[in-house]
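Side chains included, hydrogens not; waters and symmetry mates left out as well; all remaining heavy atoms used. Quick caveat: nothing in here was measured; it's all calculated off a predicted structure.
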Amino acid sequence: MNPENARIPKRNNPRNVQPIKTTMKMKNVIITSFILALVLSSCADKNQAPTAPPPPVLPVLAITSANTITDSEYPASIQGTVDVEIRPQVSGNLDRIFVDEGAYVSKGQTLFKINERPFREQLNNALASLHAAEAALINANLEVDKLAPLVQNKVVSDYQLKTAKASQKIAAANIEQAKAMVGSAKINLGYTNVTAPVSGYIGRLPKKQGSLVSASDVEALTTLSDVHEVFAYFSLGETDFIHFKEQYAGSSLGDKIKKLPPVTLILADNSAYAKTGKIDMVDGQFDKTTGAITIRATFPNANGTLRSGNTGRIRLGLNHADAILVPQAATIEMQDKVFVFTVGKDNKVTKMPITVIGKNGTNYLIKDGVKSGDQIVLSGIDKLQDGQAIQPEKLTKVAEVTNKK
């Protein structure tokens with residue numbers, strides 16, 4: 001018999017039963033305690049409310065109305081006091097060009113020379129015709145002088161004398177016609193010398209020496225701009241123009257223009273032109289297409305800083321009584337609209353759209369959306385939500401704002 005396969009007889013050992021029962025009871029107690037702890041913890045979590053974060057502390061501004069001046073800017077186009085195209089008055093070959101592009105020229109200075117030989121020959125021909133007419137008049141005078149005594153002595157009829165006097169008048173008229181032809185030939189000969197009608201700056205030179213030029217050419221020889229003063233043209237809409245007129249005293253528009261303050265020209269690089277300008281012209285009618293009226297301001301330009309074709313913006317100061325000003329920093333722009341956050345009595349904010357009609361320094365001039373006495377959030381508005389509660393800082397009341405210049 002194999003000892004490994006031998007069965008070990010079971011023995012009844014009462015001493016081993018008791019430890020097993022004790023161990024099972026301990027396990028039951030531990031499990032029951034763990035479940036009870038979970039239940040108590042769950043109940044405690046339900047009874048304990050979550051702690052909400054405190055509302056953000058933000059500065060709040062009380063809006064007041066004030067008399068102020070706002071700077072409105074309007075796109076402007078700049079032209080010289082004289083912008084003239086230099087064109088040939090006669091046809092011919094361009095023999096000489098005496099100037100360069102961009103050069104400053106004086107009034108009367110020669111710019112171009114057109115081949116003059118055909119026109120000089122025309123003048124010579126006209127002079128020859130004049131001399132022939134003068135000789136014909138001499139012959140006519142002699143004929144009249146010859147016939148006058150003969151008619152008086154009744155040697156010849158009066159008819160012959162009258163015919164001779166008619167020929168005399170025709171000869172005199174031919175002289176006048178010949179003189180006119182000479183004058184016209186001299187003018188055409190003078191046109192071969194193209195001079196500057198005003199002092200100013202030369203533009204581009206599309207025609208080169210040797211080119212055939214004509215008075216009917218589409219393209220001019222060049223342009224000449226007198227820019228010792230420049231005109232800045234800008235436009236006002238109907239509402240702005242009405243407001244513009246109402247600000248200044250005067251029975252007529254001409255009287256109002258005389259009392260207008262100087263205006264500033266803002267150049268393309270956002271710098272202000274050194275000299276201020278004066279508004280001196282308002283167009284006679286509104287443009288039917290744009291609904292705007294054109295206004296002209298004149299600026300001195302002795303050093304030639306400005307040229308015809310420059311662009312810029314006219315900064316125009318407009319007076320406003322009891323204006324509502326809001327700092328730009330207290331606004332937010334979304335989809336081409338401007339908003340502020342107003343603060344209610346319960347310290348909850350409301351996102352309010354506003355209408356901006358101008359600027360004063362770093363402030364917006366407001367037409368509607370807020371009024372005097374309203375409170376707005378001054379900063380920290382990027383993360384605010386409509387209806388959110390805040391804790392206002394010490395309220396600051398805005399003093400009366402004036403535009404100091």
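- The distance from atom CD1 of I114 to atom OH of Y191, rounded to the nearest 0.5 Å, is 11.5 Å.
- Remark: the backbone N or O of T163 is paired with a side-chain donor or acceptor of S167 at under 3.5 angstrom.
- Judged by distance alone, the side chain of S199 and the main-chain N or O of K107 form a donor-acceptor pair under 3.5 Å.
- The shortest heavy-atom contact between L221 and P88 is CG-CD, 3.7 Å.
- At distances below 3.5 Å, not a single donor-acceptor pair connects side-chain atoms of N115 with backbone N or O atoms of G92.
- Looking at D226 and V84, their side chains never come closer than 4.5 Å, going by heavy atoms from C-beta outward.
- To the nearest 0.5 Å, atoms NZ (K275) and OG1 (T298) are separated by 15.0 Å.
- The closest donor-acceptor contact from the side chain of Q177 to the backbone of N174 lies at 3.5 Å or more, if one exists at all.
- Between the side chain of N301 and the backbone N or O of V227 there is at least one donor-acceptor pair closer than 3.5 Å.
- Under a 3.5 Å cut-off, the side chain of N310 and the backbone N or O of R307 do form a donor-acceptor pair.
- Taking 4.5 Å as the limit, some side-chain heavy atom of L253 sits within range of a side-chain heavy atom of K245.
- Dense packing is recorded around CG of D269, with more than 12 heavy atoms of other residues, nucleotides or ligands lying under 6.0 Å away.
- Listed for the N93 side chain is no donor-acceptor partner under 3.5 Å among the backbone atoms of D95.
- Here the closest heavy-atom approach between residue V182 and residue L123 is recorded as O-CD1, 3.6 Å.
- Here Q89 pairs with nothing under the side chain to side chain donor-acceptor pair (under 3.5 Å) rule; sequence neighbours left out.
- Residues forming a salt bridge (charged side-chain N to carboxylate O under 4.0 Å, His left out) with R96 (at least two apart in sequence, or on another chain): none.
- Side-chain contact between I86 and V194 is present, with heavy atoms from C-beta onward closer than 4.5 Å.
- Looking at E176, its side chain never comes within 3.5 Å of a backbone N or O of A173 through a donor-acceptor pair.
- For residues 232-241, the side-chain hydrogen bond (donor to acceptor under 3.5 Å, both in side chains) pairs, not counting sequence neighbours, are Y74-D240.
- Looking only at distances, a side-chain donor or acceptor of D374 sits under 3.5 Å from a matching main-chain atom of K371.
- Among pairs with a residue in residues 112-130, those fulfilling salt bridge (charged side-chain N to carboxylate O under 4.0 Å, His left out) read K113-E116, E116-R120, at least two apart in sequence or across chains.
- At least one side-chain heavy atom of V326 sits under 4.5 Å from a side-chain heavy atom of T331.
- Note on residues 204-223: pairs passing side-chain hydrogen bond (donor to acceptor under 3.5 Å, both in side chains), not counting sequence neighbours, are S91-S214, E101-R204, S214-S216.
- Taking CD1 of I366 as the reference point, atom CG of L325 lies at 8.0 Å (rounded to 0.5 Å).
- Under the rule for a side chain to side chain contact (heavy atoms under 4.5 Å, CB included), the partners of I138 that lie at least two apart in sequence or sit in another chain are L142.
- By the ring-ring contact (aromatic ring centres under 6.0 Å, His included) test, Y104 is found to be paired with Y201, residues two or more places apart in sequence or in another chain being considered.
- Across V151 and S157, no two heavy atoms sit closer than the pair CG2-O, 3.5 Å.
- To the nearest 0.5 angstrom, L365 atom CG is 8.5 Å from I324 atom CD1.
- Here CD1 of I314 is found 8.0 Å from OG1 of T264. Values are rounded to the nearest 0.5 Å.
- Of the possible donor and acceptor atoms, one in the side chain of S308 sits under 3.5 Å from a partner among the backbone N and O of G80.
- For the pair V340 and V370, the minimum side-chain heavy-atom distance is below 4.5 Å.
- Annotation: K278, atom NZ; neighbour count of heavy atoms from other residues, nucleotides and ligands within 6.0 Å is above 12.
- Counting non-hydrogen atoms of other residues, nucleotides and ligands closer than 6.0 Å to NZ of K256 gives a total above 12.
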Checklist line | Test side chain to side chain donor-acceptor pair (under 3.5 Å) applied to N141 and Q168, step by step | finding: CA-CA 6 Å; N141 292 335; Q168 183 186 40; 2.3 Å; yes

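- The side chain to side chain donor-acceptor pair (under 3.5 Å) search around T290 returns none, not counting sequence neighbours.
- Considering only residues two or more places apart in sequence or on other chains, R313 meets the salt bridge (charged side-chain N to carboxylate O under 4.0 Å, His left out) condition with E73.
- Applying the side chain to side chain contact (heavy atoms under 4.5 Å, CB included) test between Q79 and each of V82, D83, T81 identifies D83 as the sole match.
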Next item on the list: Could you give me the CA-CA distance, side-chain angles and deciding distance for I390 and V57, then say whether side-chain contact (heavy atoms from CB on, under 4.5 Å) is met?
Entry: CA-CA 6 Å; I390 66 167; V57 179; over 6 Å; no

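- Under the ring pair (Phe, Tyr, Trp, His ring centres under 6.0 Å) criterion, the residue pairs touching residues 260-306 are F241-F286, with sequence neighbours excluded.
- Listed by chain and number, the residues in a side chain to side chain donor-acceptor pair (under 3.5 Å) with T362 amount to none (sequence neighbours excluded).
- Note that CG of L94 and OG1 of T192 are 11.0 Å apart. Values are rounded to the nearest 0.5 Å.
- In this view, D386 satisfies the salt bridge (charged side-chain N to carboxylate O under 4.0 Å, His left out) rule with no residue, not counting sequence neighbours.
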